[in-house]
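For reference, the structure is listed below as structure tokens.
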Amino acid sequence: MSAGVAGVVLTRGIGPALPAIVYLVVFLVLPLGFLFSFAFLSVERGEVQAGSFSFLHFRETLSDPLFWRVAWRSFWVGVVATLLCLLLGYPVAYLYSELRSPLARQLLLVAVVAPLLTSAIVRTYAWLVILGGRYGLINSMLIDLGLITRPLRILNTDYAVIIGMTQVHLPFMILPLIAALAGRDRSLEDASLALGASRVRTFWRVTLPLSIPGIAAGSAIVFALSYTNFIVPQLLGGGNYATLALQVYEYIIVILDWTEGAVRATLLLVSCFFFVFLITWAGNRAMRWTEARP
Amino acid sequence: MHVVISDVDKVFGGTRVLKGCTLGLERGEVVSLLGPSGCGKTTLLRCLAGFLVPERGEIRIDGTDVTLVPPNRRRVGLVFQSYALFPHLSVFDNVAYGLTVRRCPRREIAERVREALALVALEGFAERFPAQLSGGQQQRVALARAFILEPEILLLDEPFNALDAKLRGTMQVELRKLVKRLGMTSIFVTHDQTEALTLSDRVAVMRDGIIQQLDHPLALYDTPSSDYVAGFIGTTNFVRREAREGHVALGGGLALPTAVQGPVQVVLRPENLRVRAVREGAAAPFTGKVTFVRPLGATVEYEIDAGADGTLRVVDLREALAPTFAEGADVAVVVRKPEACAILPGEPTR
């Protein structure tokens, strides 16, 4: 009898999603709630001080110029990585959509997804070998070719972090772009050609505008991942490199200052939601015609 | 000839989809390519538009060989089965697209788009998006977008497929009138014989990559060149006979004159036959049993089992209040106008 009731509940309305909802509430929403609450409370010797609720910690952090420098860097590193992913990913997704043979498509898809099968830490360490010091792959090559005499400083700079982020997050850009491009209506491009437009013009005026949903989805994902990633800046940014995500990690795990960590985690999450919302909103705005109804 | 297609071959993956297609259109003429799916009609259209390059043969528009000219330099207007309107552009921008590409001055664009929209009765819809239009309106936008560039030739790929049956009939007539008014040389691709006959000056019946017959609609009906064409246009009864010494004996003393010898098929259109009662002493080419009656009012359709000649379909014009024959009745079938029967030499090829 009770099994029958459970069966009915689990197959109606939000029923099928219930297990996942319960799981996320217990293991995501509640822990995040705890974390955020620390940002508003004072802790001394591991004890939450009663009646200590205030916005004091936020006020202090937000009036700290160092915080704004770190936040700005997190933001623009995320933006540059997103733009690079878009620039590098779009041609790959376009190539995929133009391939006729299913085998070639499968191979390309595997090549795109394969990096996701190895851990981001392993891949980021590989960049150390390539970008690192005098004997790194790039520097030793450039020196051997006689193009430079002294090794370039790439590792422990924004460049290294951006290169690493772009590589790690490229698949997350390519996949939504493939979804947007592969199923597109080719007759629109034929129509553009028949109306006298060149292939290049057809791309800019028809193919690209119609792939905006893919661009928006990919950009939102890559930006969110880059903005909040702490592994890549930690390994490729060097000891003095700071981003918001990295600071959250350091305050909570290394310094054990939960309050400072919680303040930054809250600000990081809220601002991340805001930017993702902004990207989605811009995407929807550019796609207003999809809402047009008679 | 304004548009000439000569001896065009197209091969896809080892299969010859077009086998020596030859077709010529006078300026302002409307021709339909009619055939079942897979007969090559859309392939021929795409060759004309420049999306496909034929392996052999050439295409001339206004005397110029355009076989190798890419679609964007061909001055060909194209209306797609799905209309292919740009969903992200307004009706105005859709129609203006080709003019914008040609860098026309803004004022001229606005003026010409207004005229084009007026021609298809869509004034006041300029700011709408395609998704806000009905199927018929979308088709008119697609049409305006194509003819605003004053193309040498207008190509239409099954343009009525996406419309419901009632609207289709109206739009066919509208389109025919519009294309004629614009004086535009046009080619329609269709698998619907009514559509082809409604729209065209001449119809090209295609089968397996070959144009079987190119002729005026009634000529196709009256004098089909093959049993395939006869069977494709309208309803037909085929009767197999031997032609000897200048005659085909149908039976019941009825002989049709012919120049051919040997096995033939006689094409008997249902409305050229008549059902009457079996009478002593009055010979008829066919006798049989009525197996089906469709009393439609002005006409009555019969199916008659005529023994060795198979099932004959007859459309009888009903004289006022005349009784009809019931299912199971024994009847005779006579030919109204023997001289109207087409005689096709050879065995059936259908």
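Convention: sequence-line order gives letters A, B, ...; per-chain numbering from 1. Basis for what follows: all heavy atoms, side chains included, without hydrogens, waters or symmetry-related copies.
- Using a 4.5 Å cut-off between heavy atoms, B:T100 touches chain A through backbone and side chain atoms alike.
- A:W68 pairs by the side-chain contact (heavy atoms from CB on, under 4.5 Å) definition with A:L62, not counting sequence neighbours.
- Residue-level contacts of residues 87-111 of chain A with chain B do not occur; threshold 4.5 Å between heavy atoms.
- Contacts between B:L89 and chain A at a heavy-atom distance below 4.5 Å involve the side chain alone, from C-beta outward.
- Looking at A:L188, the atoms closer than 4.5 Å to chain B (heavy atoms on both sides) sit in the backbone and in the side chain alike.
- Considering only heavy-atom pairs separated by less than 4.5 Å from chain A, the leading option among B:S134, B:A84, B:S82 is B:A84.
- Neither the backbone nor the side chain of B:R75 comes within contact range of chain A; no heavy atom of the residue lies under 4.5 Å from a heavy atom of that chain.
- Both the backbone and the side chain of B:F86 come within less than 4.5 Å of a heavy atom in chain A.
- Within residues 266-275 of chain A, no residue has any heavy atom under 4.5 Å from a heavy atom of chain B.
- Other residues, nucleotides and ligands contribute more than 12 heavy atoms inside 6.0 Å of the CZ atom of A:R186.
- Between the B:R102 side chain and the A:L195 main chain, a donor and an acceptor come within less than 3.5 Å of each other.
- Contacts between residues 178-191 of chain B and chain A, counted as heavy-atom pairs separated by less than 4.5 Å, involve no residue at all.
- Crowding of A:L28 atom CG: a count of heavy atoms from other residues, nucleotides or ligands under 6.0 Å exceeding 12.
- Put simply, the side chain of A:R199 does not reach to within 4.5 Å of the side chain of B:N72, judged on heavy atoms.
- Taking 4.5 Å as the limit, some side-chain heavy atom of B:P87 sits within range of a side-chain heavy atom of A:L210.
- For A:D190 against B:F51, the heavy-atom pair with the smallest separation is O-CZ, 3.2 Å.
- Using a 4.5 Å heavy-atom cutoff, the side chains of A:D185 and B:F80 are not in contact.
- For B:H88 (side chain) and A:R205 (main-chain N/O), a donor-acceptor pair under 3.5 Å exists by modelled atom type.
- Heavy-atom pairs under 4.5 Å with chain B were tallied for A:S192, A:P209, A:A194; the largest tally goes to A:S192.
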